[in-house]
There are 2 protein chains.
Amino acid sequence: MAPKAEDRRVKRTRKLLRDALLDLMLEKGYEAVTVQTIVDRANVGRSTFYAHFLDKRDLLESGHEQLRSALSREQPAAPGLLAFSLPMFRHAQANHRLYRSLVVKGGGAAVTEMAQRTIADLVQGELAALLPPGATPPVPLELVVLHVVSSFLALLQWWLDHNMPHQPEEMDRLFRALVMPSLTALGWAP
Amino acid sequence: MAPKAEDRRVKRTRKLLRDALLDLMLEKGYEAVTVQTIVDRANVGRSTFYAHFLDKRDLLESGHEQLRSALSREQPAAPGLLAFSLPMFRHAQANHRLYRSLVVKGGGAAVTEMAQRTIADLVQGELAALLPPGATPPVPLELVVLHVVSSFLALLQWWLDHNMPHQPEEMDRLFRALVMPSLTALGWAP
DNA sequence: TCAATAAAAGACAATGTGTCCAATTGCTCA
DNA sequence: TGAGCAATTGGACACATTGTCTTTTATTGA
């Protein structure tokens, strides 16, 4: 079905607002951005904003939706353990402006939590699948996931914060060097 | 020198405000707390607040100062690698109300950064000392530190979030199980 | 008791929020 | 093309919060 004109109009408005938010986040960080400045920057009426989103947080999350779907769309099912790592570093490089806004300049707790949850789901699935059924690992799966995800996010943030001084492949190598030995020791086959 | 009465009065007021902030942070998280609710809870005049602190953030940081000094006062120099771990889990247990306010309910980026920096200093010192001089580790020290600290904080946060279901000793064991194998593999002696 | 200091009370201008409505624009389809 | 509809606008609204001031009220040490 062809998108109706209204759809296009709405889509454009929403995009304007999302872009404005990203712009402003890059400049001053999420917390400091107000709805007022967003609509000013986007050249959109204040009421229009509230016609589309509940509040600033809602707008941010709609952006995250986009990111999430873009990511899963581009995520080539890489084989092996921690498959998400390299594709995500690549995706972060390709969209570093977006990632910087979100991860670095402090999307604040809001964004960090979303990222945490998204990646945790991936890791959880991977590790659970590789766990011999019935086996009880010496460290609860939940904590292993937490450990892996927080390490990955820390690395990603550092990388973006330092203007990506390495290639994604190198970051992936570093991540694995930091994480894999422990995983192996805890019972996940090499 | 005996504290003058004025001093005591001031001290009491500041403590009332700090405690009120912690209370409220536990209830709704840092972001949601307003100066107004703080002074209401503390039964302190609004102007008095501004006589003592610049703003909410300033009050929060004054609390962190306290925490930091308390920590270094109680930190018994434990031997071995990652010596900070067990004492800090213990300290967190002994002061869980304080830790919960700060770490869990989201002191927001502010607190997290402060904690990150504090612990990173400890870890950095430890690891650098154990590094064979002249050796170039396969992963830069900076990143190893990042990895260790973010993992530790994630564990600590999880523990507090779940009402400390294990003893500090068990948490220390889990932390080491997650981190040590990789450190060993990267050249830090077992 | 008195002078000094701390705190309280409350007014103030700014700024932001979220809601509402009336008027306008732009698009589609008949 | 033009009627009708949906999206958008602009602005007013009530409300909350911030940070600054000034004036009054206590507390306390000398």
Side-chain angles (χ1 to χ4, degrees), chain A residues 1-63 66 105-111, chain B residues 1-63 105-110:
Chain A
M1 45 183 166
K4 310 214 310 194
E6 281 87 346
D7 289 352
R8 263 185 271 120
R9 224 152 110 209
V10 167
K11 231 173 162 177
R12 181 177 157 279
T13 302
R14 294 175 69 101
K15 180 165 168 43
L16 283 177
L17 288 171
R18 263 195 301 268
D19 287 352
L21 175 58
L22 288 185
D23 264 11
L24 292 164
M25 279 174 69
L26 215 51
E27 290 168 19
K28 356 188 209 170
Y30 175 71
E31 304 297 349
V33 178
T34 69
V35 173
Q36 197 56 62
T37 57
I38 297 173
V39 299
D40 287 351
R41 176 69 61 101
N43 268 310
V44 160
R46 177 177 181 68
S47 348
T48 309
F49 177 95
Y50 286 105
H52 287 290
F53 304 100
L54 261 59
D55 52 23
K56 193 176 63 159
R57 167 74 172 255
D58 193 29
L59 174 57
L60 177 67
E61 269 166 18
S62 92
Q66 285 206 323
K105 213 31 198 306
V111 174
Chain B
M1 45 181 171
K4 309 212 309 192
E6 281 85 348
D7 288 352
R8 265 185 271 122
R9 221 152 109 211
V10 168
K11 231 172 160 177
R12 179 176 158 279
T13 301
R14 294 174 70 100
K15 181 166 166 43
L16 282 175
L17 289 171
R18 263 195 301 268
D19 288 352
L21 175 57
L22 289 186
D23 265 11
L24 292 164
M25 279 174 70
L26 259 181
E27 290 169 20
K28 357 188 210 170
Y30 175 72
E31 304 297 349
V33 178
T34 70
V35 173
Q36 197 55 60
T37 56
I38 297 174
V39 299
D40 286 351
R41 177 68 60 101
N43 268 311
V44 160
R46 177 178 181 68
S47 351
T48 309
F49 177 95
Y50 286 105
H52 288 289
F53 304 99
L54 261 61
D55 52 22
K56 193 175 64 161
R57 167 74 171 256
D58 193 28
L59 174 58
L60 177 68
E61 269 166 20
S62 92
K105 211 41 198 304

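Residue numbers begin at 1 in each chain, while the letters A, B, ... track the order of the sequences. All values derive from a computational prediction rather than experimental measurement.
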Practice item. Find which nucleotide of DNA chain C each of A:Leu54 and B:Asn43 is nearest to by heavy atoms, and output the residue with the more 5' nucleotide. Key: B:Asn43
Check your understanding: Given atom NZ of B:Lys11 and atom C1' of C:dA7, what is their separation to the nearest angstrom?
Key -> 19 Å
Point to revise | Protein-nucleotide distance (B:Arg12, atom CZ; C:dA8, atom P), rounded to Å | key: 8 Å
Check your understanding: Of the nucleotides C:dT17, D:dT17, C:dA7, which one has an atom closest to the side chain of B:Thr34?
Key -> D:dT17
Practice item. Given side chain to side chain contact (heavy atoms under 4.5 Å, CB included), test A:Val39 with A:Thr48 step by step and report yes or no. Key: CA-CA 9 Å; A:Val39 299; A:Thr48 309; over 6 Å; no
Study note, to complete from the structure: From CD1 of B:Ile38 across to P of D:dT18 the rounded distance in Å is 8 Å
Point to revise | Atom-to-atom span, CD of B:Gln36 to C1' of C:dA8 - whole angstrom | key: 13 Å
Exercise for review: Would you indicate what B:Ser47 reaches in the nucleic acid, counting non-hydrogen atoms under 4.0 angstrom: base, sugar-phosphate, or nothing?
Suggested key: base
Exercise for review: Would you mind reporting whether A:Glu61 and A:Phe53 have side-chain heavy atoms less than 4.5 Å apart?
Suggested key: no
Exercise for review: Look at the side chain of B:Lys56 and the backbone N and O of B:Leu21, then say whether any donor-acceptor pair between them is shorter than 3.5 Å.
Suggested key: no
Exercise for review: Could you tell me the separation between the CG atom of A:Asp40 and the C1' atom of C:dT15, rounded to a whole number of Å?
Suggested key: 13 Å
Practice item. Measure from the side-chain heavy atoms of A:Arg9 and tell me the nearest of C:dG18, D:dG19, D:dA7. Key: D:dA7
**Study point:** Length of the line joining B:Leu16:CG and C:dA7:P, which is rounded to integer Å
**Key:** 10 Å
Check your understanding: Which nucleotide in the set D:dG19, C:dA8, D:dT9 lies at the smallest distance from any side-chain heavy atom of B:Arg46?
Key -> D:dG19
Check your understanding: Does B:Tyr50 make a side-chain N or O approach to OP1 or OP2 of D:dT20 shorter than 4.0 Å?
Key -> no
Point to revise | Between D:dG19 (C1') and B:His52 (NE2): distance, integer Å | key: 16 Å
**Study point:** side chain to side chain contact (heavy atoms under 4.5 Å, CB included) between A:Gln36 and A:Phe49, worked out
**Key:** CA-CA 9 Å; A:Gln36 197 56 62; A:Phe49 177 95; over 6 Å; no
Check your understanding: When you check the phosphate oxygens OP1 and OP2 of D:dG29, does a side-chain N or O of B:Arg8 lie under 4.0 Å from one of them?
Key -> yes
Point to revise | Rounded distance in Å - CZ (B:Phe49) to P (D:dT20) | key: 11 Å
Practice item. Quickly, which of A:Leu16, A:Leu17, A:Asp23 forms a side-chain contact (heavy atoms from CB on, under 4.5 Å) with A:Ile38? Name it, please. Key: A:Leu17
Point to revise | Whichever of B:Val35 and A:Thr13 has its nearest DNA chain D nucleotide further upstream toward 5' | key: A:Thr13
